[in-house]
Peer 1: 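Structure in structure tokens, see below.
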Amino acid sequence: MSVPATVQTQEFDVERIRADFPILHQQVHGKDLVFLDNAASSQRPQSVIDAVSHYYMHDHANVHRGVHTLSERATAAYEGTREKIRSYINAASTAEIIFVRGTTEAINLVAQSYGRERFQPGDEILITWMEHHANIVPWQMVCEKTGAKLVVAPITQDGELDMDAFTKLLTDKTKIVAVGHISNAIGSVNPIKEIIDLAHKHDVPVLIDGAQSMPHTQVDMQALDADFFAFSSHKMFGPTGVGVLYGKQALLDSMPPYQGGGDMILAVDFEKTLYNELPAKFEAGTPNIAGVVGLGATIDYLNQLDFNAVAQHEQALLDYAQEQLATVPGLRIIGTAKDKASVVSFVLDTVHAHDLGTIVDSEGVAIRTGHHCAMPVMDFFKVPATARASFAFYNRHDEVDVLVAALIKAQRMFA
Ligand code: 7TS
């Protein structure tokens, strides 16, 4: 992602960072692991693993229920993470932080709870051509129930959102805009502040899919003025099975519960149920307590990083990767937006993406191959699949060299 030129950063010590991630120090097929599948799921530092383990060894009980000591400890750790997240993304209140399973559940929650009640036949939901299926299918489902229409803003040949077209498609019929911050398939960074300001001029709320931005950058909800923002812990170095829906309090207050059950009620009888206040209203049933505790430790870990140094390191990795990959004969990079995160999709003219994935794995290199749950983007670039190398702050330049050597080996095998 672009780095402000004037910002002074500390020297980024990648070896010190790598020492925090035990999983990186292993061999696969007799070769040092080179983990370049971070966009699918990144790895966890020891402190996060320890926090989850400590929680299970000392503090586990159900939350918000018992007056006994363990339940109070578990509740304090669970609610403590809510405050850490609030502060990390600068939300106005902890009532605006809803724990969910991940980005997918967060978007489904908004589509069903916000959309299903309000959308009418003829209303429009505006997304973009580069969305992950998690930001397409929930809206299609709500369209089927309400008669609303999914409108898709086009992208350019470089894989950038076509802002002129987007501006024209945003009309009085638009009832919500739902846009990814960073494309998982091609790495493009969308101008979300501009999109939010534009939509707000039409009084249209905006949901940002932040699944791919949280591992690379810090976001400020009040400065951004997003109405909803969704992200997954497992992509930002935290446990799997937990994520966050941020929503402005007034909007969340106006929405009905998404699921019913324990914890989301104040009183129940067979005639009528009185729903709980935010955020409990949207957290039915026993949550992923250990995951949330681990996410709290993840925020502590991220808070001690210098994100300007992280951004510079990742930009240097991206530049180096794109430069080196361009030296591989017959390799084409898919997605050449000016502002890109450290995600590089590519195809080789002689080797299918799936074969590539298997061959580079035999060299210890983990990349993802396929459509990346973004089939419309693949259709746009007229490719069935791509190979994707996605970097995190713990990756090194020499890992790019290992990838490139593995690709050349694959090419020789298929020659
Ligand atoms: N949105 C984006 C932009 C994503 O990249 C993903 C997952 C999701 C939503 C869904 O997140 P989840 O945590 O709820 O599953 N992306 C990928 C990927 O690129 N490879 O595997 C999953």
Side-chain angles (χ1 to χ4, degrees), residues 1-5 7 9-10 12-14 17-18 20-21 24 35-45 48 85 88-90 102-103 130-132 134-135 159-161 179-193 195 208-221 223-224 226 229-238 243-244 246 295 298-299 301-322 335-345 367-368 372 374 388-397 399-400:
M1 294 183 70
S2 51
V3 185
V7 172
T9 58
Q10 297 163 8
F12 188 76
D13 184 351
V14 70
I17 298 279
R18 289 177 72 82
D20 297 334
F21 289 81
L24 299 177
F35 190 78
L36 302 180
D37 192 20
N38 295 288
S41 197
S42 57
Q43 302 298 351
R44 285 102 198 81
V48 171
I85 297 278
Y88 190 68
I89 65 173
N90 193 29
T103 308
M130 67 177 99
E131 299 311 318
H132 184 279
N135 201 24
E160 289 179 0
L161 179 60
V179 176
H181 191 173
I182 293 177
S183 157
N184 69 310
I186 53 174
S188 316
V189 181
N190 281 320
I192 55 167
K193 180 64 186 151
I195 289 170
I208 301 295
D209 170 353
Q212 293 295 341
S213 54
M214 292 301 279
H216 300 291
T217 189
Q218 283 176 314
V219 286
D220 178 326
M221 286 308 126
L224 200 56
F229 193 99
F231 57 94
S232 300
S233 154
H234 72 99
K235 291 189 199 285
M236 55 187 292
F237 319 101
V244 170
Y246 160 83
L295 178 56
T298 310
I299 297 299
Y301 185 83
L302 295 175
N303 268 331
Q304 47 90 43
L305 294 176
D306 172 354
F307 262 83
N308 289 311
V310 165
Q312 282 191 356
H313 175 69
E314 291 188 358
Q315 183 67 46
L317 270 175
L318 173 69
D319 293 345
Y320 185 66
Q322 299 205 126
T336 47
K338 273 189 244 41
D339 197 1
K340 259 183 92 164
S342 48
V343 172
V344 191
S345 253
I367 57 172
R368 184 170 172 196
H372 315 293
R388 180 188 70 183
S390 52
F391 299 85
F393 48 63
Y394 44 61
N395 287 120
R396 289 188 313 226
H397 282 57
E399 294 182 305
V400 172

Peer 1: Please report the shortest heavy-atom distance between G238 and V48, naming the atom on each side.
Peer 2: CA-CG1, 4.5 Å
Peer 1: Shortest non-hydrogen contact from H216 to A341?
Peer 2: CD2-CB, 4.3 Å
Peer 1: If you take all heavy atoms of V344 and A321, which pair is closest and at what distance?
Peer 2: CG2-CB, 4.5 Å
Peer 1: Can you find a pair of side-chain heavy atoms, one from M130 and one from N184, that are under 4.5 Å apart?
Peer 2: no
Peer 1: Between L302 and F393, is any pair of side-chain heavy atoms under 4.5 Å apart?
Peer 2: yes
Peer 1: Listed by chain and number, what are the side chain to side chain donor-acceptor pair (under 3.5 Å) partners of N90, not counting sequence neighbours?
Peer 2: D220, Q222
Peer 1: Side chains of Y246 and I208: closer than 4.5 Å at any heavy-atom pair?
Peer 2: no
Peer 1: For residues A211 and K235, report the shortest heavy-atom separation together with the two atoms involved.
Peer 2: O-CD, 3.6 Å
Peer 1: Rounded at 0.5 Å granularity, tell me how far NZ in K340 sits from OG in S345.
Peer 2: 7.5 Å
Peer 1: If you round to the nearest 0.5 Å, how far is CE of M214 from NE2 of H234?
Peer 2: 13.0 Å
Peer 1: Do D20 and Y301 have side chains that get closer than 4.5 Å, going by heavy atoms?
Peer 2: yes
Peer 1: State which residues pass ring-ring contact (aromatic ring centres under 6.0 Å, His included) with Y320; sequence neighbours excluded, sorted by chain then number.
Peer 2: H397
Peer 1: Measure the OG-CD distance between S188 and Q212 for me, rounded to the nearest 0.5 Å.
Peer 2: 11.5 Å
Peer 1: At their closest point, which heavy atom of A40 faces which heavy atom of R368, and how far apart are they?
Peer 2: CB-CD, 4.5 Å
Peer 1: Is I17 close to L305 at the side-chain level, that is, under 4.5 Å between some pair of heavy atoms?
Peer 2: yes
Peer 1: Evaluate the side-chain proximity of R396 to R18: yes if any heavy-atom separation is below 4.5 Å, no if none is.
Peer 2: yes
Peer 1: Quick check for you: to the nearest 0.5 Å, what is the distance between I85 atom CD1 and M221 atom CE?
Peer 2: 10.5 Å
Peer 1: Look at the side chain of N395 and the backbone N and O of A392, then say whether any donor-acceptor pair between them is shorter than 3.5 Å.
Peer 2: yes
Peer 1: Is there any salt bridge (charged side-chain N to carboxylate O under 4.0 Å, His left out) pair reaching into residues 310-319, and which pairs are they, with sequence neighbours excluded?
Peer 2: none
Peer 1: Among all residues two or more places apart in sequence or in another chain, which pass the side chain to side chain donor-acceptor pair (under 3.5 Å) test with N190?
Peer 2: none
Peer 1: Taking only residues two or more places apart in sequence or in another chain, which ones pass side chain to side chain contact (heavy atoms under 4.5 Å, CB included) with S42?
Peer 2: N38, R44, F237, Y394
Peer 1: Contact between M236 and F231 at the side-chain level, heavy atoms closer than 4.5 Å - yes or no?
Peer 2: yes
Peer 1: Only counting residues at least two apart or in another chain, list the ones meeting salt bridge (charged side-chain N to carboxylate O under 4.0 Å, His left out) with R388.
Peer 2: D37
Peer 1: Kindly write out the residues that satisfy side chain to side chain donor-acceptor pair (under 3.5 Å) with E160, not counting sequence neighbours, or none if the list is empty.
Peer 2: none
Peer 1: Out of I192, V189, I195, which one pairs with L161 under the side-chain contact (heavy atoms from CB on, under 4.5 Å) rule?
Peer 2: I195
Peer 1: Return the set of residues passing ring-ring contact (aromatic ring centres under 6.0 Å, His included) with H372 (not counting sequence neighbours), or none when no residue passes.
Peer 2: none
Peer 1: Can you sort out the partners of F229 under ring-ring contact (aromatic ring centres under 6.0 Å, His included), two or more places apart, ordered by chain and number?
Peer 2: none
Peer 1: Of all the heavy-atom pairs spanning G335 and I186, show the shortest one and how long it is.
Peer 2: CA-CB, 4.0 Å
Peer 1: Under 4.5 Å between any side-chain heavy atoms of L24 and F35, yes or no?
Peer 2: yes
Peer 1: Applying side chain to side chain donor-acceptor pair (under 3.5 Å), name anything that partners S232, two or more places apart in sequence or on another chain.
Peer 2: T103
